[in-house]
Amino acid sequence: MCLGIPGEVMSRRTQDGLGFATVRFGSIEREVCLECLPDVKVGDFVLVHVGFAISRLDEEEARRTLAALAELGLDRAELGLDPAPSVAEKEDAA
Amino acid sequence: MSSDAPGLLGAACPVPITETDQVLMGHGSGGKLSAQLVETLLLPAFRNPALAALDDAAQVSVGGTTVAMTTDSFVVTPLFFPGGDIGELAVNGTVNDLAVSGARPLFLSLALILEEGFALAELRRVIESIQRAAAEAGVQVVTGDTKVVNRGKGDKLFINTTGIGQPIPGVSLSSANVRPGDQILVSGTIGDHGVAILSTREGLSFSGGELRSDTAPLATLVEAMLAATPGIHAMRDPTRGGVAATVVEIAARQRLGIEIDEAALPINDAVRGACEMLGLDPLLVANEGKLVAFVPRAECDRALAAMRAHPLGRHAARIGEVVAEHPGRVVMQTLIGGRRFVDLPFAEPLPRIC
Amino acid sequence: MRHLDEYRDRALAQALAEQIRRTVTRPWVLMEVCGGQTHSIVRYGIDRLLPEGVALVHGPGCPVCVTPLELIDRAHAIASRPEVIFTSFGDMLRVPGTRGDLLGLKASGADVRIVYSPLDAVKLARAHPERKVVFFAVGFETTAPANAMAVKLAKQQGLTNFSLLVSHVLVPPSIASILQSANNRVQGFLGPGHVCAVVGFREYEALAARYQVPIAITGFEPVDLLHGVLAVVKMLEAGRAEVENVYARVVSRDGNRSARALLSEVFDVVDRQWRGVGHIPKSGYRLSYEYRAFDAERLFEVGDIAAEESKDCISGQILRGLKRPVDCPMFGKGCTPQRPLGATMVSSEGACAAYFQYGRGLEEPPRPGREAGGAR
Ligand code: SF4
């Protein structure tokens, strides 16, 4: 019921007096109402729920969380996993 | 195998399904209700060895010659969708059932049920599309029928096609051949057809470049695979109910365990995005131009190479394997290394968006 | 997909699970509050990654599930009227009432439609001035702003043929109700990340202080969920009862100000009946005085409706974390998603339905590590 998916704001416009954005998820796009999040800019990531943007993704906090998790101090070999690129490297490749 | 061997209901779902006194939409979804209808009403009524195999096409003997036969009906809204239309679907759906059973598709029947008031121009478009698809699949439409129902008693156009094919000599493809150790291959990205149809629904409208039905005739892919690896045990085309329905059915009927590796599933970005947005599992979403093959371990690489060399198999991938453990059950190793069962929903999954 | 894939990383998830294993010195019972979290946990097999001592119990977190049967029957009565176009989200339209589900009503000629955004229902009202469009507004705080926006827009546009049948519930009162119950066994909570995205987490700080329970505001991806478990377990082990926000990329302490302003304009907080749980004071919304003209319960007189719940169902105990779906003798036998007997089987995010869909309960999938010659 609380399914919320992050997507990137591609463009903004006004319709019926309401703010809307075209938001991209993977490679598909959908119209999303911005009335609850009037200040977002093109390029921001927003969390979308039933066609409404309800929160702007905080890139700085995301980085901080991932950095903290990366410091759990367990390396992949210790977990019996194949060595694999870190999340940051993967992002660069994408 | 005989049809009173452990069935889909007996194993994948060890749960007695409550009866309903009406046909529900779910009876046509490829989920548990569909299976229930087949097992409790249809199989007992027509019990015979050709039917009991429950493969995509039946093998029957006509005057000493074995032929493969299958039938399928097509109801789809809208009739024209991104990447195809009902006409193309009606040809490809039936020839694919023949192809994955190891038969060369030869002849089709074509039955049209038309709703009064349906635009002739649209009908013409569908017929032209059938013509093109039949030519591409190398089949001839040799008989047909047309009926018209009163306005409101049908949804523009329903199509049934029956296909006859010639089994490729020396080839035996049947789910009864599947064994522990078999590798499970899929010929390309999953969920494309179902998501393309969803994208046209009123209110859902989303768009994206790769959002197209994958409808395609698979016979040449099957032949290329069989030429490279004649020892393939079985193939299925995972239409309604998606890849999940195919593997769950085989695990249940053959009393085998199946392991699926979630990270290995080929999914294109558009389908991925749509499924995330709608809370759908791509494993359960319909395909119309894909096949799932069960291949002995030793032949896996060769089969995969043959698939990838064919235009319809470029994104082929190994997605799992058949095991002796947990017979009747499909277990998925999830992205994060957790494990869960894969099961069929009762009816068509609705978007969980809300 | 960015901001998703990072949180489904296998290595990170395994590292978190290992860290949880190292942190835990004794058994703990945690509850994830939101049904979306329950769904993720079962879908990814997250509970199977946790050490034996850490039990996740599933909370009341599915608004569709806790909508009273009586209200569904009321919806049924409204939807049966010839002038009505009845709309809601797909999940809600599938929930069976005493006389079948709302989608099923279509077969007998009712006009029932799935919408994917409440604004679509407003659009329908504008396109069909001769009909009455009713939107069944269900949800937690997450969904409430969207539903509020729909009715606000209808008012701005002067529509008189649009109304809401409101079944909105609020999370903090349900947590309080669980913690107040004499036989509560929940020791820490994974707080509902998307609810808090809207309303923030000040109320959760009050709960943590008042009932001395640790709460981690948690997202929905596997790494988020494991991160939340780790945070709560650490607090439990250290004897701290605080709120930790491990979903800071989405949630801030004050939530979304525009959304909260919209909520207080359109809704008033009222007592609500929760299916399976009962009456909880100040646990839901109804339309405010200013918007009463859009209240479907006032507009459509459908008489008194009383509905009997099954006596065999233990969903009340499941919703409070006292029992699991597999403890119910009806699970998978008399009770399936097709014919649910109780709240937690009705939507795919109810605990019983999630267990059923992923084949849990009748036997457990093998724990990882004991891979059966598996796919990797
Ligand atoms: S399985 Fe059904 S009857 Fe049992 S608790 Fe769950 S919803 Fe109630």
Side-chain angles (χ1 to χ4, degrees), chain B residues 12-18 20 22 24-26 32-33 180-181 184 201-205 257-264 269 272-273 276 278-279 281 318-321 323-326 329-347 349-354, chain C residues 1 4 8-10 12-14 17 36 39 42-49 64 88-94 103-104 107 113-117 120 123 138-139 143 222-223 226 332-334 336-339 347-349 356-360 362-363 365-368 371-376:
Chain B
C13 169
V15 164
I17 292 176
T18 2
T20 67
Q22 282 179 347
L24 305 173
M25 285 310 290
K32 279 182 192 161
L33 282 176
I184 305 174
R201 285 218 188 138
E202 188 192 359
L204 254 187
S205 55
I258 285 181
E259 298 258 337
I260 300 289
D261 182 358
E262 185 173 22
D269 274 359
R272 170 91 210 279
E276 291 295 347
L278 300 172
D281 185 348
R318 174 195 167 285
I319 59 167
E321 83 176 309
V323 297
E325 292 82 1
H326 52 80
R329 288 300 219 163
V330 178
V331 172
M332 176 178 278
Q333 160 130 341
T334 68
L335 283 182
I336 57 153
R339 293 166 71 77
R340 69 161 160 96
F341 290 124
V342 174
D343 209 345
L344 296 187
F346 271 99
L350 282 182
R352 233 178 83 223
I353 187 165
C354 20
Chain C
M1 290 170 72
L4 275 188
R8 293 180 187 170
D9 183 80
R10 186 179 152 106
L12 261 187
Q14 299 283 342
H39 190 98
V42 182
R43 184 187 187 291
Y44 288 101
I46 292 168
D47 48 344
R48 313 293 296 159
L49 291 181
V64 171
S88 194
F89 303 126
D91 305 27
M92 196 63 228
L93 295 177
R94 276 247 175 109
L103 272 184
R113 306 188 191 186
I114 297 179
V115 292
Y116 300 95
S117 162
D120 296 339
K123 255 188 234 157
V138 288
T143 318
V223 165
L226 286 160
K333 304 197 177 69
T336 62
Q338 191 197 357
R339 284 285 158 98
S347 107
S348 65
E349 294 183 1
F356 190 86
Q357 180 182 345
Y358 293 118
R360 291 290 289 279
L362 300 139
E363 43 184 309
R367 280 192 180 255
E371 286 169 28
R376 179 189 281 265

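Please read these numbers as outputs of a predicted model, since none were measured by experiment.
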Point to revise | Under 4.5 Å from any heavy atom of chain B - which part of V223(C) | key: neither

Quick one: [atom1] on [X] to [atom2] on [Y], what's the gap to the nearest 0.5 Å?
X: M332(B); Y: Y44(C); atom1: CE; atom2: OH; value: 10.0 Å
X: L49(C); Y: R339(B); atom1: CG; atom2: CZ; value: 11.0 Å
X: I336(B); Y: R10(C); atom1: CD1; atom2: CZ; value: 9.0 Å

Review point. When you check the gap from the basic side-chain N to the acidic O, do E262(B) and R43(C) get nearer than 4.0 Å?
Key: yes

Practice item. For residues E276(B) and L4(C), determine if any side-chain heavy atom of one lies less than 4.5 Å from a side-chain heavy atom of the other. Key: yes

